[in-house]
Amino acid sequence: MMRNILIITILTFIITACDKEIELSELDDKITVEGWIDEGGHPIVMLTQAVHVDHTARSLSDLSDYIVKWAKVTVSDGQHSEILTGKFNKKYYPPYIYTTGNMTGKAGKTYSLTVEYQNHTLTASTTIPPRVDIDTAFAMPSADTSSFGIKIIFNDNHSTRDYYKTFSNCDSTSNMYLSTIMQTIDDRNANSNTIENTIYRGRFLDSDYKPGFTRGEVVMVKLCHIDSVSYAIWKDYENSLSFSRNALLRYNNNITSNIIGGLGYWCGYGATVKMVKVR
């Protein structure tokens, strides 16, 4: 979906980099998973070898060397299993995904993931909560009216404990939804059954980042109803981005992962998408 973004282990570092040359090296030989399945959608899995910072400078183009292309990836819903097909797809980044059209996500089901590659076996499981509709979505101008946020309003069942994550996509040539800034929601922090939030642009590899949307842009907003494990993963991810930019508040905690035997995430999304044209 998400995503949501680049593989978490790589992205967490790249987002904070200021130069085109970055310092990377292999982190043992661990595999990083970025995978999700939407309600009504097909499973999407991307695999890379994990990298971390050291004193060896490498260009961003070398990241393609870390894509894992020959893994056996299996998803099961408890009744039947599907082996995903690996293929190049330029609408994602990294541009290589494992997927299948023979399995569609359904709310309430649990989906297990198994990745087998060389001497690695990685496993994870996730559930898909029912989708929650976006009732209203519209552009809100900033103070100087030169940029905009997108305000979304949706109804939450306050009798149950629920979690949400928002993503956005402004690129019609891409299927990647980027994580919006500080928008991982625990409904226990809401004051009523009606939740209102203003979202801004997700950040990718662009160094000249501006959070506001511009006039004329078409923004696809994705609201995902998620389980508690997915909430912990995305909340840690947001904290790492926020605090790693503050020289006084260093964030050294590892991002939560539900991948046994590797890094990354496998998340189920009760997803609703709404299009907003910024006027």
**Item:** Val278-Leu178 co-clustered via ILVMFWY side chain contacts under 4.5 Å
**Value:** no

**Prompt:** Between Lys106 and Glu39, is the closest basic N to carboxylate O distance under 4.0 Å?
**Reply:** no

**Asked** Is it true that Lys165 and Glu238 make a salt bridge, defined as a side-chain N closer than 4.0 Å to a carboxylate O?
**Response** yes

**Asked** Taking the six-membered ring where the residue is Trp, are the ring centres of Phe213 and Phe148 under 6.0 Å apart?
**Response** no

**Message:** Looking at every heavy atom in both Thr114 and Thr121, which two are closest together, and how far apart are they?
**Reply:** CG2-CG2, 4.4 Å

**Asked** Can you name the closest pair of heavy atoms from Met220 and Val273 and give their distance?
**Response** CE-CG1, 3.6 Å

**Asked** How would you list, by chain and number, every residue that makes a salt bridge (charged side-chain N to carboxylate O under 4.0 Å, His left out) with Asp186, sequence neighbours excluded?
**Response** Arg161

**Message:** Run the side chain to side chain contact (heavy atoms under 4.5 Å, CB included) test on Arg201 and Thr180 for me, step by step, so that the C-alpha distance in whole Å, both residues' side-chain angles and the decisive distance to 0.1 Å come before the verdict.
**Reply:** CA-CA 6 Å; Arg201 188 186 308 275; Thr180 54; over 6 Å; no

**Message:** Give me the atom names and distance for the closest heavy-atom approach of Ser174 to Lys91.
**Reply:** OG-O, 3.3 Å

**Prompt:** Do the non-hydrogen side-chain atoms of Met103 and His80 ever get within less than 4.5 Å of each other?
**Reply:** yes

**Message:** Apply side chain to side chain contact (heavy atoms under 4.5 Å, CB included) to residues Tyr163 and Ile185 and explain how you reach the verdict.
**Reply:** CA-CA 6 Å; Tyr163 307 92; Ile185 304 164; over 6 Å; no

**Message:** Would you compute the distance between atom NE2 of His225 and atom OG of Ser230 and round it to the nearest 0.5 angstrom?
**Reply:** 10.5 Å

**Item:** Sub-4.5 Å side-chain heavy-atom contact between Thr48 and Ile31
**Value:** no

**Request:** Report the distance from atom OH of Tyr269 to atom OG1 of Thr126, rounding to the nearest 0.5 Å.
**Result:** 8.0 Å

**Request:** Group every Ile, Leu, Val, Met, Phe, Trp and Tyr by side-chain heavy-atom contacts under 4.5 Å, then state whether Phe138 and Val219 land in the same group.
**Result:** no

**Request:** Among Asn169, Thr272, Thr166, Asp38, find the residue that satisfies the side chain to side chain donor-acceptor pair (under 3.5 Å) test when tested with Lys222.
**Result:** Asp38

**Asked** Side-chain contact, heavy-atom cut-off 4.5 Å: Asn89 with Pro95?
**Response** no

**Complete:** On a heavy-atom basis, the closest approach of Ala137 and Ile152 is CB-CG2, 4.0 Å

**Request:** Decide yes or no on side chain to side chain contact (heavy atoms under 4.5 Å, CB included) for Lys72 and Ile83, but give the supporting numbers first.
**Result:** CA-CA 7 Å; Lys72 179 182 178 182; Ile83 297 176; 3.7 Å; yes

**Prompt:** Ignoring hydrogens and geometry, is there a side-chain-to-backbone donor-acceptor pair from Ser168 to Val221 under 3.5 Å?
**Reply:** no

**Asked** Is the CZ atom of Arg188 crowded by more than 12 outside heavy atoms at less than 6.0 Å?
**Response** yes

**Request:** Scan side-chain atoms only and decide if Asn155 and Asp135 contain a donor-acceptor pair under the 3.5 Å cut-off.
**Result:** yes

**Message:** With heavy-atom distances below 4.5 Å as the criterion, would you say the side chains of Val45 and Leu84 are in contact?
**Reply:** yes

**Request:** Check whether any side-chain heavy atom of Tyr231 lies under 4.5 Å from a side-chain heavy atom of Thr184, and answer yes or no.
**Result:** yes

**Request:** Identify the heavy atoms of Pro94 and Ile67 that sit nearest to each other, and give their distance.
**Result:** CB-CD1, 3.7 Å

**Message:** Would you say Met275 ends up clustered with Tyr177 if hydrophobic residues are merged whenever their side chains have heavy atoms under 4.5 Å apart, either directly or through other cluster members?
**Reply:** yes

**Asked** Are side-chain heavy atoms of Met46 and Tyr98 found at a separation under 4.5 Å?
**Response** no

**Asked** Honestly curious: do Ile44 and Tyr265 fall in one hydrophobic cluster under the side-chain, below-4.5 Å linking rule?
**Response** yes

**Complete:** CD (Glu82) and OG1 (Thr100) are apart, to the nearest 0.5 Å, by 4.5 Å

**Asked** Is a side-chain N or O of Tyr92 found less than 3.5 angstrom from the main chain of Met176, in a donor-acceptor match?
**Response** no

**Full working for side chain to side chain contact (heavy atoms under 4.5 Å, CB included) between Asn197 and Gln183** = CA-CA 8 Å; Asn197 275 72; Gln183 289 298 317; 2.8 Å; yes

**Prompt:** Under 4.5 Å between any side-chain heavy atoms of Val73 and Leu47, yes or no?
**Reply:** yes

**Prompt:** Given the side-chain rings of Phe154 and Tyr164, with only the six-membered ring counted for Trp, is the space between their centroids under 6.0 Å?
**Reply:** yes

**Message:** Measuring only between side-chain heavy atoms, which start at C-beta, is Lys151 closer than 4.5 Å to Glu196?
**Reply:** yes

**Message:** Check the orientation of His120 and Tyr117. Use parallel for under 30°, tilted for 30 to 60°, and perpendicular for over 60°.
**Reply:** parallel

**Item:** Within 6.0 angstrom of Asn191 CG, more than 12 heavy atoms from elsewhere
**Value:** no

**Prompt:** Can you name the nearest heavy-atom pair linking Gly105 to Ile128, along with the distance?
**Reply:** CA-CD1, 3.8 Å

**Request:** Look up atom NZ in Lys109 and atom OG in Ser76, then write down how far apart they are to the nearest 0.5 Å.
**Result:** 9.5 Å

**Request:** Give, for atom CD of Glu116 and atom OG1 of Thr123, the distance between the pair rounded to the nearest 0.5 Å.
**Result:** 10.5 Å

**Gap separating the CG atom of Asp236 from the OG1 atom of Thr256, nearest 0.5 angstrom** = 3.5 Å

**Request:** Look at the side-chain heavy atoms of Ile, Leu, Val, Met, Phe, Trp and Tyr, link any pair under 4.5 Å apart, and say whether Trp266 and Val115 land in one connected group.
**Result:** yes

